[in-house]
Amino acid sequence: MRKLLILALVGLAAQLVDGALGMAYGLTSSTLLLFVGVAPAAASASVHLAEIGTTLAAGVAHWRFGNVDWRVVTRIALPGAVGAFVGATFLSSISTESAAPWMAGILFTLGAYLLVRFSRPLRQRTGAGRLRGRFLGPLGLVAGFVDATGGGGWGPVATPALLVSGRMEPRKVIGSVDTAEFVVAGAASIGFLIGLGSEGFLLPTVAALLVGGLIAAPVAAWLVRIVPAQLLGATIGGVIVLTNARTLLNAGDAGSTVRPVVYVLLAVGWVVALTFAVRALRRTRRARAIVDATATAATASATASTTGTAAATPSPDTTTPAVPAGVVAGAGPAGADDDRLAVVER
């Protein structure tokens, strides 16, 4: 019972991170299962079966909060499902260990790019157009295959690639990737069912991960809506860099004295990038506040001017009173001009 409770908490934390950052549910959950001695295929199968429920809840929550671009979802989900099915079916015979360092190097580079990009003020990109299907299709195929064969990887592959394009808001990238993952997880589960049979799924583990993920899904969808894009992008970049640094260090047989130094340097770089991101976010908000205040003042001035002009124009139905003899037209009682002047001065 205690083990299942811990797994439920892991599922909750993993879904909270995945829903807010668009990645890391499979990575976190699979890492724990492998740590306790579960076979890689069984760990990946159990995680993907749990993801059918968590990604469905996450997709609905993201849709309710307006975080989903359905055009992108349809163009990455179907190729992703094909890649996940193939990867799950042949997991026992196809090894991705030789490709892991190359993939980690690519993701590390993308993460570093995101850190640099989101540590500076964001500028609206004009004339970028929409993401094309010839980019989204292969991306979904590769991400789905890596996700099934590695026990996770749909988010780490798809999310940074879409963010780097600069053509989508970070919250819509995350919402679309999470929503498409429902189809990918279903296809992977079918592939594992064919390759491993029903005994390949650890149903108590699946249930525990599912319960924790369902609790966290709506909270994560709300969180990604309110977290500023500046901080979100910098956070995602740091997660990608640190996650893939471990794979690169293992592939390079780095010594025990080198690893701590590398991790410390990367952590310091991440903190510096987040600091610059916060400063850039504050500058952007101050500039936006000034623009909004100027626009409000201009609107108020234009409204007042229009109201004054309308008041000064007599209505056609209004009869102009006769001017008494000896009184200059337009002149008021004695002291009226002084009163108007006093009102203006006050």
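Owing to the predicted nature of the structure, the values given are computational and were not obtained by experimental measurement.
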Heavy-atom nearest pair, Val157 first then Leu139, reads O-CD1, 3.9 Å

Kindly indicate whether the side chain of Val82, heavy atoms from C-beta on, has any atom under 4.5 Å from the side chain of Leu78. no

Measuring from Asn67:CG to Ile174:CD1, what's the distance to the nearest 0.5 Å? 8.5 Å

Qualifying residue, where the test is side-chain hydrogen bond (donor to acceptor under 3.5 Å, both in side chains) with His62 and the options are Thr179, Asp178, Thr55: Asp178

Main-chain N/O of Arg71 paired with Thr74 side-chain donor or acceptor, under 3.5 Å: yes

Under 4.5 Å between any side-chain heavy atoms of Leu162 and Leu136, yes or no? yes

Would you say CZ of Arg259 has more than 12 non-hydrogen atoms from neighbouring residues, nucleotides or ligands within 6.0 angstrom? yes

If I compare all heavy atoms of Ala185 with all of Glu51, which pair ends up nearest, and what's the gap? CB-CB, 3.8 Å

Which distance, rounded to the nearest 0.5 Å, do you find between the OG1 of Thr89 and the CD1 of Ile190? 9.5 Å

Which heavy atom of Tyr263 sits nearest a heavy atom of Ala245, and at what distance? CE2-CB, 4.5 Å

Using the rule that Ile, Leu, Val, Met, Phe, Trp and Tyr join whenever any side-chain heavy atoms are under 4.5 Å apart, tell me whether Leu115 and Val271 fall into a single cluster. no

Can any side-chain N or O of Asp147 pair as donor or acceptor with the backbone N or O of Trp154 at less than 3.5 Å? yes

Nearest non-hydrogen partners of Ser119 and Ala273, listed with the distance: CB-O, 3.6 Å

Are Val258 and Leu248 grouped together when hydrophobic residues (ILVMFWY) are joined by side-chain heavy atoms under 4.5 angstrom apart? yes

Indicate yes or no: at least one non-hydrogen side-chain atom of Trp270 is less than 4.5 angstrom from one of Leu266. no

Heavy-atom donor-acceptor pair, Ser176 side chain to Asp69 backbone, under 3.5 Å: yes

Nearest heavy-atom neighbours spanning Phe85 and Ala187: CD1-O, 3.6 Å

According to a 4.5 Å side-chain heavy-atom criterion applied to Ile, Leu, Val, Met, Phe, Trp and Tyr, with indirect links allowed, do Val241 and Val262 form part of one hydrophobic cluster? yes

Taking all non-hydrogen atoms of both residues into account, name the closest pair between Ser189 and Ile52 and its distance. OG-CD1, 3.5 Å

Quick check: do Lys172 and Val68 have side-chain heavy atoms less than 4.5 Å from each other? no

Are there more than 12 heavy atoms of other residues, nucleotides or ligands under 6.0 Å from atom CZ of Phe135? yes

Within 6.0 angstrom of Arg279 CZ, more than 12 heavy atoms from elsewhere: no

Got a donor-acceptor contact below 3.5 angstrom from the Arg171 side chain to the Gly66 backbone? yes

Rounded to the nearest 0.5 Å, what separates atom CZ in Phe276 from atom CZ in Arg283? 9.0 Å

Measure the CD-CG distance between Glu181 and Leu56 for me, rounded to the nearest 0.5 Å. 12.0 Å

